[in-house]
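In what follows, a structure is listed as structure tokens, so that the remarks can point back to it.
Basis for what follows: all heavy atoms, side chains included, without hydrogens, waters or symmetry-related copies. Counting starts at 1 for both ligands and their atoms, in listed order. As the structure is a computational prediction, the values presented were derived from the model and not from experiment.
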Amino acid sequence: MEKLHINLDEKSYDIFIERGIFEEVGKYISKFYKKKKIVVVTDTNVDSLYGDMLLKNLENSGYVPSKVVFDAGEENKNFDTLTKVYEKIIDSGIKRGDLLIAFGGGVVGDLAGFAASTIYRGMDFIQIPTTLLAQVDSSVGGKVAVDTTRGKNLVGSFYQPKMVIIDPELLKTLDEREVRSGMAEVIKYGAIYDNEFFNYLLEKEDLKSSMEDIEKIIKRCCEIKAKIVEVDELDLGLRMILNFGHTLGHAIEKYYDYTKYTHGEAISIGMYEITILGEKLGITKTGESKKIKEILKKYELPIEDKVNLGDLIEIMKSDKKNISGILNFIFLSEIGKVEVKKVAEEEIGNKLLK
Ligand SMILES: NC(=O)c1ccc[n+]([C@@H]2O[C@H](COP(=O)([O-])OP(=O)(O)OC[C@H]3O[C@@H](n4cnc5c(N)ncnc54)[C@H](O)[C@@H]3O)[C@@H](O)[C@H]2O)c1
């Protein structure tokens, strides 16, 4: 069993990672939650696979659980769903001092976490992430949000869970494409922070052999994320390095209206393209793009798309991370180290198309 602690003073919490831990979830929750009522918020896919198991497990630990289920998919991470989730929580008799469990991928974690942060002016919640992306990234760090018609994640808050319980066994039912997409975020951690971890992933034979060691891999990712979040909980500085590949990646996702690529696939293209660019601009050590290409190919992730950079620039200018006309581009100086370059909106074209 791997246990990590995120140190954020009174908002500190533990992350438990273990194969099969899901079957003992009630026992872990009882370490800190002594009341009876729990509301589980999940999506239709996760519910049909694991909903009953979770409820039974909570009942066996003496809890009185209820369940709120919404339709799976990013298109439902919106205010309509949120309103329904609020209403169902209230109707099920859940009060402010009770507990909410966000049980699912990043969509559930973000929406249910945002519901927890706002309903009754905030109630305690825990994360039980069920996709690789959620297990290595979105369930840790307290960013919660919903999408609006004007863009993704535009309304949200920073709201830390009380505990994160990660069971890699749950990934067995996940679509292989989703697992590969999660690997793009895993690779990102190695690229921005840990050369040794990057090489470890590079030396793996294929996805299958990485999945055999997935507990260890998830732990390393959570450790890196924890270190970054502890320094910069509110995303005012260091946390921006987690956006390596994301500025371009988000633009690619948006260009195709979120239909062609998963988030991880778009980030994969973004990481490769920004590394090529970094080499051209003399920021990134020559040869690093070759390594990025090799590792992404190993995990069968895309590295290129025919869309031209010029078309992406307009989209990047409207990125929500564009603060007062300045965008931060995260370049690798070498594998394991990053360099942040601030580029003014009007300069983006000149700099990137050089
Ligand atoms: N808060 C953060 O820090 C943060 C970071 C990165 C991404 N995100 C957000 O995460 C979201 C993407 O998350 P995601 O990739 O997990 O997508 P997702 O939650 O939509 O899950 C992908 C699909 O897998 C299904 N699923 C989930 N677990 C399963 C399991 N164990 N077995 C079978 N099917 C399962 C889901 O129902 C869904 O259809 C985006 O909305 C993104 O904005 C948030």
Side-chain angles (χ1 to χ4, degrees), residues 6 19 22 41-51 53-54 69-78 81-82 102-114 116-117 125 127-148 151-161 164-186 188-189 211 214 218 221-222 224-226 228-229 232-235 239-240 242-246 249-250 253-254 258 261-268 270 319-321:
I6 300 224
R19 285 185 194 274
F22 180 63
V41 180
T42 189
D43 73 18
T44 39
N45 294 337
V46 178
D47 181 46
S48 64
L49 290 162
Y50 304 107
M53 269 166 78
L54 178 57
V69 183
F70 66 87
D71 287 341
E74 181 73 36
E75 65 278 16
N76 298 306
K77 200 177 107 178
N78 58 29
T81 308
L82 185 68
F103 180 45
V107 165
V108 171
D110 278 11
L111 185 135
F114 186 63
S117 81
F125 87 116
Q127 290 266 17
I128 306 182
T130 63
T131 62
L132 184 56
L133 177 134
Q135 295 191 345
V136 300
D137 192 355
S138 61
S139 67
V140 175
K143 273 194 185 179
V144 292
V146 291
D147 302 335
T148 78
K152 277 185 68 173
N153 297 321
L154 287 182
V155 179
S157 57
F158 291 92
Y159 195 68
Q160 301 296 337
V164 183
I165 297 175
I166 299 178
D167 187 345
E169 284 293 306
L170 298 176
L171 303 178
K172 286 197 168 149
T173 49
L174 194 62
D175 218 57
E176 191 178 302
R177 186 174 178 199
E178 294 290 344
V179 178
R180 291 188 188 285
S181 298
M183 279 310 292
E185 299 283 358
V186 169
K188 176 193 79 179
Y189 285 110
M211 290 311 283
I214 198 67
I218 293 169
C221 295
C222 290
I224 296 172
K225 181 136 189 200
I228 294 170
V229 169
D232 180 25
E233 185 196 354
L234 302 180
D235 202 3
R239 201 161 169 162
M240 75 174 76
L242 292 167
N243 285 329
F244 172 57
H246 282 55
H250 283 153
E253 276 185 288
K254 205 164 175 189
Y258 303 96
Y261 297 111
T262 64
H263 174 70
E265 288 164 352
I267 291 330
S268 173
D319 194 304
K320 77 171 183 302
K321 299 214 162 74

Side chain, backbone, both or neither: [X] near ligand 1, heavy atoms under 4.0 Å:
{"X": "Leu174", "answer": "both"}
{"X": "Glu74", "answer": "side chain"}
{"X": "Glu185", "answer": "neither"}
{"X": "Asp110", "answer": "side chain"}
{"X": "Ser138", "answer": "both"}
{"X": "Asn153", "answer": "side chain"}
{"X": "His246", "answer": "neither"}

[atom]: which protein heavy atom is closest, and how many Å away?
{"atom": "atom 33 (C) of ligand 1", "answer": "Thr173 O, 3.2 Å"}
{"atom": "atom 28 (N) of ligand 1", "answer": "Thr130 OG1, 2.7 Å"}
{"atom": "atom 31 (N) of ligand 1", "answer": "Leu170 O, 2.9 Å"}
{"atom": "atom 20 (O) of ligand 1", "answer": "Val107 CG2, 3.3 Å"}
{"atom": "atom 16 (O) of ligand 1", "answer": "Thr131 OG1, 2.6 Å"}
{"atom": "atom 14 (P) of ligand 1", "answer": "Gly106 N, 3.5 Å"}
{"atom": "atom 37 (O) of ligand 1", "answer": "Asp43 OD2, 2.7 Å"}

Distance in Å, [X] [atom1] paired with [Y] [atom2], rounded so as to fall on 0.5 Å steps:
{"X": "Asp147", "Y": "Lys152", "atom1": "CG", "atom2": "NZ", "value": "6.0 Å"}
{"X": "Arg177", "Y": "Thr262", "atom1": "CZ", "atom2": "OG1", "value": "5.5 Å"}
{"X": "Leu154", "Y": "Thr148", "atom1": "CG", "atom2": "OG1", "value": "4.5 Å"}
{"X": "Leu132", "Y": "Arg180", "atom1": "CG", "atom2": "CZ", "value": "11.5 Å"}

Practice task
Measure up the Phe103 and Phe22 rings against each other and bin them: parallel (under 30°), tilted (30 to 60°), perpendicular (over 60°).
Solution key: parallel
With side chains defined as the heavy atoms from C-beta onward, is the minimum distance between [X] and [Y] less than 4.5 Å?
{"X": "Ile166", "Y": "Cys222", "value": "yes"}
{"X": "Glu185", "Y": "His263", "value": "yes"}
{"X": "Glu253", "Y": "Glu74", "value": "no"}

Can you find an N/O atom of [X] closer than 3.5 Å to an N/O atom of ligand 1?
{"X": "Asn45", "result": "yes"}
{"X": "Leu49", "result": "no"}
{"X": "Leu133", "result": "no"}
{"X": "Asp175", "result": "no"}
{"X": "Lys143", "result": "yes"}

Exercise for the section: Decide whether Tyr50 and Thr42 meet the rule of one side-chain donor and one side-chain acceptor closer than 3.5 Å. Expected result: no
Exercise for the section: Could you tell me which residues satisfy ring pair (Phe, Tyr, Trp, His ring centres under 6.0 Å) with Phe125, sequence neighbours excluded, listed by chain and number? Expected result: Tyr159
Below 4.0 angstrom from a heavy atom of [X], which ligand 1 atoms are there? Numbered from 1 as shown, please.
{"X": "Lys77", "answer": "40 (C), 41 (O), 42 (C), 43 (O)"}
{"X": "Tyr50", "answer": "31 (N)"}
{"X": "Ala72", "answer": "37 (O)"}
{"X": "Lys225", "answer": "3 (O)"}

Practice task
Go through the steps to decide whether Asp47 and Thr44 satisfy the test side-chain hydrogen bond (donor to acceptor under 3.5 Å, both in side chains), and finish with yes or no.
Solution key: CA-CA 5 Å; Asp47 181 46; Thr44 39; over 6 Å; no
